[in-house]
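See structure below.
All chains are named by letter (A, B, ...) in the order of the sequence lines, taking the proteins before the strands, and each is independently numbered beginning at 1. Every heavy atom of this structure was used, including side-chain atoms; hydrogens, water molecules and symmetry mates were not.
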2 protein chains.
Amino acid sequence: MASIKDVAAEAGVSVATVSRVLNDHPSVSAEARTRVLAAVETLGYRPNAVARSLRTDQTHTLGLVISDVLNPYFTELARSVEEEARALGYSVIIGNADERPDLQDHHVRNLLDRRIDGLLVSPTDGGSPLMLDAARAGTPMVFVDRWIPGVEVPVVRADGRGAVRDLVAHLHGLGHRRLAIIAGPAATTTGRERVEAFREALGAYGLELPDAYIGQGDFQADSGRRVTEGFLDLPEPPEVVFAADNLMALGALDAVRARGLRVPDDLALAAFDDIRWFVHTDPPITAIAQPTGELGRAAVRALVDRIEGRPGESVTLPARLVVRRSCGEPVPASPEPDPAQAPAVQPPVTNRSHS
Amino acid sequence: MASIKDVAAEAGVSVATVSRVLNDHPSVSAEARTRVLAAVETLGYRPNAVARSLRTDQTHTLGLVISDVLNPYFTELARSVEEEARALGYSVIIGNADERPDLQDHHVRNLLDRRIDGLLVSPTDGGSPLMLDAARAGTPMVFVDRWIPGVEVPVVRADGRGAVRDLVAHLHGLGHRRLAIIAGPAATTTGRERVEAFREALGAYGLELPDAYIGQGDFQADSGRRVTEGFLDLPEPPEVVFAADNLMALGALDAVRARGLRVPDDLALAAFDDIRWFVHTDPPITAIAQPTGELGRAAVRALVDRIEGRPGESVTLPARLVVRRSCGEPVPASPEPDPAQAPAVQPPVTNRSHS
DNA sequence: GATGCTCGTGGAATCGATTACATCGACGTG
DNA sequence: CACGTCGATGTAATCGATTCCACGAGCATC
């Protein structure tokens, strides 16, 4: 591979001049510029980013550590992150933690070793020493979706409280009174918060959230299945299960089917995180939709702000309820709503009258 | 951030000795080793991968350019690639092309500039000059899933011919005679091959594949919707639509629903690429499953073989048919198959007798 | 015409590692 | 005792860029 020296030799100038041309430094003669560019062309020269990074101490790269690539919520997040980063002149290296703290640490270490300019994390746990050290050491960092309390790092996330209240109102309106939740890991903020929001919303209707109706999941499908089976085995099973993420909802759906039962007739189902597939499941699943793309973009902007010396603010955006049929039919309505009009998410229809 | 010099100073040795300890070179005294390790510990030293790469001309990094991160097939592929790479001591940088040749080139260029050790690509098109140059220049490269004909690069992929034959047998057995396909872009191998395999399989039953029954899609959901609408507008619409990937199948499902029609009664549906969500759609979708994880692992092994100077072989693995209910009920059968037993993919049932 | 400025350029230091080569002491052997 | 070998270590070159500094030419100012 041709180096800057080869270009310099070919163009008959020094490496300094080549470098100036490449970084369009003002004081280069037009003649030298054309000669260098010609040499670059004939040699097919491309600057070595590794060498450049060593010298400038900048990689123009962001690290993104997500909790689970197989979760469509995080892939969508990753996509919007990469898009915005590209627009701002950065590349992104994604690390997938598979909800495993050890893997998360592996990726954080790897990214720090590569001297990425900044780190975007959706933490799988309450904060490993490594992560805390990195934050304290001043690595530009931003938490997205989940965060670690007590750490001085901006957080970009969705607030689901309002949407959870809407959900509970919807469920209550359909006559449901025994509501259960499949929680995420207590080590994650989203794992805890969603339970709290749910409990609070129930309280507004004078409803309790008994311990038996709080199932401990880990954001993976299997745990949703397991917890739902537990619920169904209770002497008085819940009428509704609210899964704290989309994969556990999928597991719950499996569990219900495996017993030959039906959603929503035998057990209603709702999920946190809306994904496009929820329109096509049997039945379509009522979910709380986060503004995922906007979250990813805001997180990148906050991180790049920090990297480039600006403050970098926390952002909280509202989530919203998307009602479908998995909790019961609010209306008989027209023969079939038209999914082609709004394939990804349907508008909330909480105000439709019940038959 | 502490550098190797700081460690050397702290330990009272030269940088050479520190480097030797870190790369466990044999000739270092036990005493020096412990002193260095202690210094590393107290300083929290981590080697700078950028500097190391510059010197050794190795990044221990693979580039993976996939066609679309939002497609679950590719996320699963990416996950298995990262897993195997990690096991072999490599990291992976993923570039998402969103089925756009220009974005694909952007990522390839970026990865080459970073001097990745090898490149794994699922090409979005027939081969840009950049990609061809890279292959010719001797960059270790492996194609996965899709490939570019005429380029000297190992290919790791699934052969769907057998499964497509099984699918056509299944459809024919159900009485379907007018079969249509939503093809992928003609610039991709998979876009062409799947049509050819389908046509061939139809031929075995004396069936034609008229041009009107070949819809041109682009592997994205929208195109599946559009093409399916076109099929439904034909004076003699097909009885079955076979989508060449999972996203176009989703679009097709949308289109059918939007007309108030039903799958499989009004139009049967099958897809190439099986994904876990197909178990949960309404109805569950009959699909051709690729051994995705195995493909990813084999691709990494082939690439690392090339990087480390071994030959690096092409691999072709068989795909297989997974029958569900979207083409009609092959058997009245027991009330409901148990999805909990095999949540991701159900076993092939091509050998069931037709009723 | 001397002075000072700007502009274009090249030489050389530098970033943080790896590694070839030189050095030096200890030890075994003839 | 002289010599060769080997193990442990340090010095310095090197990878490919960026950038500080010096230098010379051209030009304006006084």
_Just to be sure I understand the geometry, which residues of residues 29-54 of chain B put a non-hydrogen atom under 4.0 Å away from DNA chain D?_
Ser29(B), Ala32(B), Leu54(B)
Under 3.5 Å, side-chain donor or acceptor atoms of residues 133-144 of chain B against the rest of the protein: list the pairs with distances, not counting sequence neighbours.
| unit_1 | atom_1 | unit_2 | atom_2 | d |
| --- | --- | --- | --- | --- |
| Thr139(B) | OG1 | Ala134(B) | O | 3.1 |

*Results of side-chain hydrogen bond (donor to acceptor under 3.5 Å, both in side chains) for Gln58(A) - residues two or more places apart only*: His60(A)
*For Ile4(B) and dT19(C), give me the distance from atom CD1 to atom C1', rounded to whole Å.*
11 Å
*asked:* Looking only at the side chains, is there a donor atom on one of Ser67(B) and Ser122(B) sitting less than 3.5 Å from an acceptor on the other?
replied: yes
*Considering residues at least two apart in sequence or located in another chain, which fulfil the side chain to side chain contact (heavy atoms under 4.5 Å, CB included) criterion with Val315(B)?*
Val156(B), Ala298(B), Leu317(B)
*What pairs with Asp98(B) under side-chain hydrogen bond (donor to acceptor under 3.5 Å, both in side chains), at least two apart in sequence or on another chain?*
Arg79(A), Asn96(B)
*Tell me yes or no: between the side chains of Thr61(B) and Arg114(A), is some donor less than 3.5 Å from an acceptor?*
yes
_Please report the end-to-end axis angle for the helix from dG1(C)-dC30(D) to dG30(C)-dC1(D), five pairs per end, rounded to 10 degrees._
50°
_Using the side-chain hydrogen bond (donor to acceptor under 3.5 Å, both in side chains) criterion, which residues pair with Arg52(B)? Sequence neighbours excluded._
Asn23(B)
*Could you list all the ring-ring contact (aromatic ring centres under 6.0 Å, His included) pairs where at least one residue sits in residues 100-130 of chain B, not counting sequence neighbours?*
none
*Under the 3.5 angstrom rule, does the side chain of Thr189(A) hit a backbone N or O of Trp147(A) as a donor-acceptor pair?*
yes
*Could you state the atom-to-atom distance from NE2 of His60(B) to P of dA17(C) in whole Å?*
16 Å
*Could you give the start and end, 5' to 3', of the contact zone on DNA chain D for chain B, using atoms under 4.0 Å from its heavy atoms?*
dA8(D) to dG16(D)
*To the nearest 0.5 Å, how far apart are NE2 in His25(B) and CZ in Arg33(B)?*
10.0 Å
*Do any pairs count as a salt bridge (Lys or Arg N to Asp or Glu O under 4.0 Å) and have a residue in residues 143-152 of chain A, sequence neighbours left out, and if so which ones?*
Glu99(A)-Arg146(A), Asp145(A)-Arg194(A)
*For residues 13-28 of chain B, which residues have at least one heavy atom under 4.0 Å from DNA chain C?*
Ala16(B), Ser19(B), Arg20(B), Asn23(B)
*With Arg86(A), which residues qualify under side-chain hydrogen bond (donor to acceptor under 3.5 Å, both in side chains), at least two apart?*
Glu82(A)
*Got a salt bridge between Arg301(A) and Glu294(A), using NZ or NE/NH1/NH2 to carboxylate O under 4.0 Å?*
yes
